[in-house]
Amino acid sequence: METAWQSGTQRTECSQRVFPYISAMVNNGSLSYDHERDGRPTELGGCTAIVRNIRYDTFLVIRYVKRHLTIMMDIDGRHEWRDCIEMPGVRLPRGYYFGTSSITGDLSDNHDVISLKLFELTGVRTPEEEKLHRDVFLPSVDNLKLPEMTEPPTPLSGLALFLIVFFSLVFSVFAIVIGIILYNKWQDHSRKRFY
């Protein structure tokens with residue numbers, strides 16, 4: 001799971017998103033973050049978090065219990081948690097890593113992660129829940145189809161690149177020769193008019 005903290009104070013034209021913005025995405029390594037659209041194609045949810053120029057610490061809690069992802073924040077300095085994202089049906093396998101990133105886009109901004117505390121919550125699971133949890137191999141979200149990542153175009157082989165350059169040069173030389181021949185005929189034709 002990756003949580004992105006985006007900065008900037010611009011508003012986007014599509015849906016009045018105000019930055020800084022907290023968003024969450026689930027990725028199995030086949031998706032990339034779309035910077036042009038602020039990660040919207042792969043976003044599970046998000047919320048605005050106005051955290052600029054404040055004189056107190058801000059906190060973010062990310063909780064994953066029984067396939068339920070919850071993100072809460074305390075950005076007002078009142079030690080009260082506000083809901084940001086709540087997403088049931090998130091399937092995260094064991095043995096993966098937790099990551100955070102700060103994406104500032106066009107603006108220069110600074111976010112310091114002072115501490116990161118991880119706790120393993122032990123909950124009582126039925127044998128069926130334990131089997132379902134063990135069967136998760138790739139991160140996913142129930143009832144949510146994440147967009148497929150398009151395959152990047154395959155690079156040209158050395159032979160194909162050589163042939164393209166070779167025939168481009170041959171075509172260029174051919175075009176220059178035809179141009180010179182036509183220019184000479186035009187000059188000969190224009191000289192004959194004055195005799």
Side-chain angles (χ1 to χ4, degrees), residues 1-125 129-130 133 136-144 146-147 149:
M1 183 194 49
E2 183 173 311
T3 302
W5 188 294
Q6 303 170 347
S7 300
T9 50
Q10 73 261 17
R11 290 181 180 262
T12 58
E13 296 173 10
C14 323
S15 69
Q16 298 302 314
R17 180 178 282 186
V18 179
F19 291 90
Y21 189 81
I22 297 171
S23 66
M25 68 182 281
V26 170
N27 190 357
N28 62 8
S30 66
L31 302 174
S32 63
Y33 185 85
D34 185 356
H35 294 279
E36 295 296 319
R37 294 186 284 172
D38 298 321
R40 288 177 195 229
T42 55
E43 179 182 301
L44 294 179
C47 64
T48 297
I50 306 299
V51 293
R52 280 210 182 89
N53 301 323
I54 54 178
R55 304 221 180 266
Y56 47 83
D57 292 336
T58 58
F59 299 94
L60 186 69
V61 170
I62 302 169
R63 182 178 292 150
Y64 176 69
V65 178
K66 293 188 178 182
R67 296 187 178 175
H68 194 94
L69 175 69
T70 306
I71 298 179
M72 296 181 293
M73 59 184 175
D74 173 18
I75 60 172
D76 299 323
R78 290 187 242 151
H79 304 293
E80 295 175 1
W81 296 105
R82 288 190 328 197
D83 288 336
C84 178
I85 300 168
E86 189 164 336
M87 178 62 67
V90 176
R91 297 171 182 254
L92 299 177
R94 295 178 181 172
Y96 275 63
Y97 297 97
F98 178 79
T100 61
S101 63
S102 174
I103 302 166
T104 58
D106 294 336
L107 302 173
S108 175
D109 212 348
N110 184 23
H111 298 283
D112 296 325
V113 176
I114 304 299
S115 69
L116 187 62
K117 297 178 184 177
L118 301 174
F119 301 96
E120 183 174 349
L121 301 176
T122 55
V124 179
R125 290 190 182 139
E129 288 177 330
E130 187 64 35
H133 187 72
V136 176
F137 294 107
L138 289 176
S140 64
V141 180
D142 293 343
N143 302 322
L144 179 68
L146 294 175
M149 192 151 153

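These figures come from a predicted structure and were not determined experimentally.
At a threshold of 4.5 Å between non-hydrogen side-chain atoms, the residues Asp57 and Asp74 do not count as touching. Phe119 has its side chain out of reach of Arg63: every pair of non-hydrogen atoms, C-beta onward, lies at least 4.5 Å apart. Residues Glu86 and Met72 are not in side-chain contact: their nearest non-hydrogen atoms beyond the backbone lie 4.5 Å or more apart. No side-chain heavy atom of Pro88 sits less than 4.5 Å from a side-chain heavy atom of Arg67. Side-chain contact between Ile62 and Thr70 is absent, with no heavy atoms from C-beta onward closer than 4.5 Å. Side chains of Ile71 and Leu60 form a contact here, defined as non-hydrogen atoms less than 4.5 Å apart. Here the side chains of Val90 and His68 are not in contact, with every heavy-atom distance at 4.5 Å or above.
With sequence neighbours excluded, no residue forms a side-chain contact (heavy atoms from CB on, under 4.5 Å) with Asn53. Judged as a salt bridge (charged side-chain N to carboxylate O under 4.0 Å, His left out), and not counting sequence neighbours, the contacts of Asp76 are Arg78, Arg82.
Here the OG1 atom belonging to Thr48 is positioned 6.5 Å from the OH atom belonging to Tyr21, to the nearest 0.5 angstrom. The structure places CD1 of Ile85 at 6.5 Å from OG of Ser23, a figure rounded to the nearest 0.5 Å.
Here the shortest heavy-atom pairing between Val51 and Thr58 reads CG1-CG2, 4.0 Å. Shown here for Val141 and Met87, the closest heavy-atom pair between the two residues is CG1-SD, 4.2 Å.
Classified by interplanar angle (parallel below 30°, tilted 30° to 60°, perpendicular above 60°), the ring pair Phe59/His79 is tilted.
Pairs engaging residues 22-85 under the disulfide (SG to SG under 2.5 Å) rule: Cys47-Cys84 [sequence neighbours left out].
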